Each structure stands twice: as C-alpha cells, then as structure tokens.
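All values reported here derive from a predicted model rather than from experimental measurement. One is the number of the first residue; the rest follow in order along the sequence. FYI, side chains are in, hydrogens and waters are out, and symmetry mates aren't considered; it's all heavy atoms of this structure.
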Amino acid sequence: MFIRTKMLSQAAAGVAIAGALALAPMQAQAQETVKIGLILPMTGGQASTGKQIDNAVKLYMQQHGNTVAGKKIEVILKDDAAVPDNTKRLAQELIVNDKVNFIAGFGVTPAALAAAPLATQAKIPEIVMAAGTSIITERSPYIVRTSFTLAQSSTIIGDWAAKNGIKKVATLTSDYAPGNDALNFFKEHFTAGGGEIVEEVKVPLANPDFAPFLQRMKDAKPDAVFVFVPAGQGGNFMKQYAERGLDKSGIKVIGPGDVMDDDLLNGMGDAALGAVTAHLYSAVHPSAMNKDFVTAYKKAFGTRPGFMAVSGYDGIHLIYEALKKTGGKTDGDALIEAMKGMKWESPRGPISIDPETRDIVQNIYIRKVEKVDGELYNVEFQTFDAVKDAGKTKK
C-alpha cells in the first residue's frame, strides 16, 4: 500500500509540474520584465565555456542596454557544472518558480538534451549557445542554436586534409555525442578523398588523461592526429602532446577548432604552431565588427574572446531581435517564428537561422596557428560560405 501511495504521490507531483510548466508562459506574459534563465557550466571541466558565454551576454547588454520593446531584460545565471541532472532540475526551477521566458546557454550536448522536453512542455524558447551535436534542434520545436554543429567543421577539415597531402590519420575524440559526430563526419569525408585512418581512440569526457593514448598515436606514425575535445580541454591535450614528443616527430594536429580555442591558445606554447583547424571563429577574424568586439571584450574581461563567447553574444542578440519583432510579447511560438530565417552580421561573419532546422548557418574558416605580434592566433586562410549542418542536409 505504501508503494502504491508513493507512486500516486509521484504521479501527482508529475502532473503538478506539467501543469505548472504549461501555465508558466501564460503567467509570464503579464510581466513587464522578460526573464532569461542562463544555464551554464561555471565550475568543473567546462567552466571556460560558461565564463565566456556569461561574459559575452554581459558585454552585449552593456552595449545595447537592458530594455527591449519596452520590457526590462533580466538574466538569471545558474551553474549546472555540465551535469545533465543539474541542468534539468535548474531548468524546471527557472520555468516553474522564476517564470522565465527563455532558457539559454547549455555548455554540453547532454545538458541541452536534458532541458529539451521542458522547453516543449512550457512552450518557451531554448537558445543553445554552446552544445554542438547535430540532433539537438530535432529534440524540441522550441530549440534554436547560435553556436555550431561538429558536422559543419569536421566535413570541411576532412576534405581539406585529403586534398593537402595528408594520407594517414590517427583520430582522438571525446567519447560522447559531439565526439562521435566529429569522428564520423571527418572519417566519411577524409576516406572518400583517399585518406586512411590508422588508429582510432576515444577518450572519456570527464578529466581525460591523454598521455597513454598519445603514445599509441605516435607508434602508429600517422601524418596527422585528428582531435576533437570540447572547449576547455585543448590546453591539457597540447601540453601532453608536447610532453610525448609528438610535435617533434612531425605529426600535425588537425580537427575542428575546439582544440585550439582562442581563450586557451596562448598558453599552449610553440607546440601548437602549424595546427590546422576548421572553425566558425578566430579572434583575428579580419572584420571591423570583430576588431571592435575583441577590443571591448578584452577591455571588460582582460582576456581575448573565443568561439563560445561569440556564440553567447549572438545568442543574446537573437533574443533581443526576436523580442523587437514580437513587440515585446513573450509567446513562445511567436518568438520561435520571429527567429526562423533571421540574418545578421556577427563578429564571426554573416550568419542566419535556418528556418527549416532552426540551426545556425555560418561561414567555416580553415585556420593555421601562427605567431602574430608575439602571441599565438588561429589565422584564417580559406573560407567556406554559408555552411549548413551536414547532419541534417542529408535527411
């Protein structure tokens, strides 16, 4: 009887939460304040991602004010430490208790996926500013992404490697959905161009020790190592790559740009020189808008922005512009419609939201790590215009 009572009470709690989620947007409509629940990893292994996005949101609001379409914008920051159970709990609290009109951030894919059913139930937009697995936007009609997908960059670096004298590659990728996306899209394009994968290694997402895997890479004698680790882990990877002597053995580093994240690049030392990656953003992207963005970010926070910062900057821009289009109305369906097809100039270059997939369309740049004025930078040397997510274009 106790068990049945417990089950009933849990069921009742579930109904109560669902009811509260459904009511949340209606209650929120009456507010003069628009609330954004920003869920980010501010501690733990992905903390650099959270800090960059939080900084960029603050910078945008300093530059553009905290009022849009007559409504005051309030950001409520919550730290989920990139743990999906935390993300789900925090998203629920923000929607039910704080009556937020948007949930945003999401440092890793499992976090973005954990919040997806809540966004659907409450009918509020979920703005993904970091996580990069293709499937994310398919998990809720209320998800819009301003970051990237791994498919966008991994297909391009695969084609580039095959065409530029790289015959044999060893791969090292984090063992979770984005790592699998990066590996599969790279492999498909690199082998189609005549390349060979000589070693394939997957490393744990949390606190990986790369050293033993790097020894296997060295022994396989590839022309290059294809690396995907999430933003924040690249510095540790390059430290161990140098310690194991891979930089001296002539084995190049290639991959999507996460491994050469701008906010960590300078600390990697000369071992990073010559690394070639495909990515959406470099702090030395040669546009006037980007120069202004980098100057303002450095002045405010004392560090250079990376690709996570620009994804957060564009995420809050999207929210502001959608609210302008709806005249300050916070109806979730109207906001999502307003976001579909939106185009603008970002510090990374021209971007838009694909109206079909609600995913970002953006330029992907091939870059090489070089010294500029004594500092390490990803210098762009080739541009692929308006790249869509290859994970969805096949469907």
Under 3.5 Å, is there a donor-acceptor pair between the Ser282 and Asn378 side chains?
-> no
Any side-chain hydrogen bond (donor to acceptor under 3.5 Å, both in side chains) involving residues 155-165? Give me the pairs, sequence neighbours left out, ordered by first then second residue.
-> Asp159-His189
Got a sec, which residues hit ring pair (Phe, Tyr, Trp, His ring centres under 6.0 Å) with Phe307, two or more places apart in sequence or on another chain?
-> Phe148, His279
Salt bridge or not for Arg216 and Glu199, using N-O below 4.0 Å?
-> yes
Does a donor on one side chain and an acceptor on the other come within less than 3.5 Å for Thr120 and Ser140?
-> yes
side-chain contact (heavy atoms from CB on, under 4.5 Å) assessment of Ile76 paired with Lys35 = CA-CA 7 Å; Ile76 304 169; Lys35 295 182 180 180; 4.2 Å; yes
Glu321 bridged to Lys325 by N-O distance under 4.0 Å | no
Has Asn207 got more than 12 heavy atoms of other residues, nucleotides or ligands less than 6.0 Å from its CG?
-> no
Judged by atom type as modelled, is there a donor-acceptor pair below 3.5 Å linking the side chain of Asp181 to the main-chain atoms of Thr133?
-> no
Quick one: do the Asp261 and Gln233 side chains pair a donor with an acceptor below 3.5 Å?
-> no
Can you find a side-chain donor-acceptor pair between Asp314 and Thr146 that sits under 3.5 Å?
-> no
Give the minimum heavy-atom separation between Val294 and Pro305, together with the two atoms involved.
-> CG2-CG, 3.9 Å
With distance as the sole criterion, is a donor-acceptor pair present between the side chains of Asn363 and Thr383 under 3.5 Å?
-> no
Are Asn184 and Glu188 linked by a side-chain donor-acceptor pair shorter than 3.5 Å?
-> no
Is there side-chain contact between Val227 and Phe237, with heavy atoms separated by less than 4.5 Å?
-> yes
Honestly, is Arg304 close enough over Tyr377, meaning NZ or CZ under 6.0 Å from the six-membered ring centre and within 45° of the axis?
-> yes
Would you call the rings of Tyr297 and Phe293 parallel, tilted or perpendicular if under 30° counts as parallel and over 60° as perpendicular?
-> tilted
For the residue pair Asp333 and Tyr142, confirm or rule out a side-chain donor-acceptor distance under 3.5 Å.
-> yes
Got a salt bridge between Lys51 and Asp54, using NZ or NE/NH1/NH2 to carboxylate O under 4.0 Å?
-> no
Do you see a donor-acceptor pair shorter than 3.5 Å between the side chains of Asp389 and Gln152?
-> no
May I ask you to say whether Lys187 pairs ionically with Glu200, meaning some side-chain N is under 4.0 Å from a carboxylate O?
-> yes
Which is it for Lys340 and Arg358 under the side-chain contact (heavy atoms from CB on, under 4.5 Å) test, yes or no, and what are the steps along the way?
-> CA-CA 6 Å; Lys340 287 178 181 177; Arg358 290 163 280 104; 4.1 Å; yes
Mind checking the CD1-NZ spacing from Ile103 to Lys78? Nearest 0.5 Å is all I need.
-> 13.5 Å
Contacts of Tyr320 that satisfy side-chain hydrogen bond (donor to acceptor under 3.5 Å, both in side chains) - sequence neighbours left out = none
Does Asp223 use its side chain to pair, donor to acceptor, with the backbone of Val169 at less than 3.5 Å?
-> no
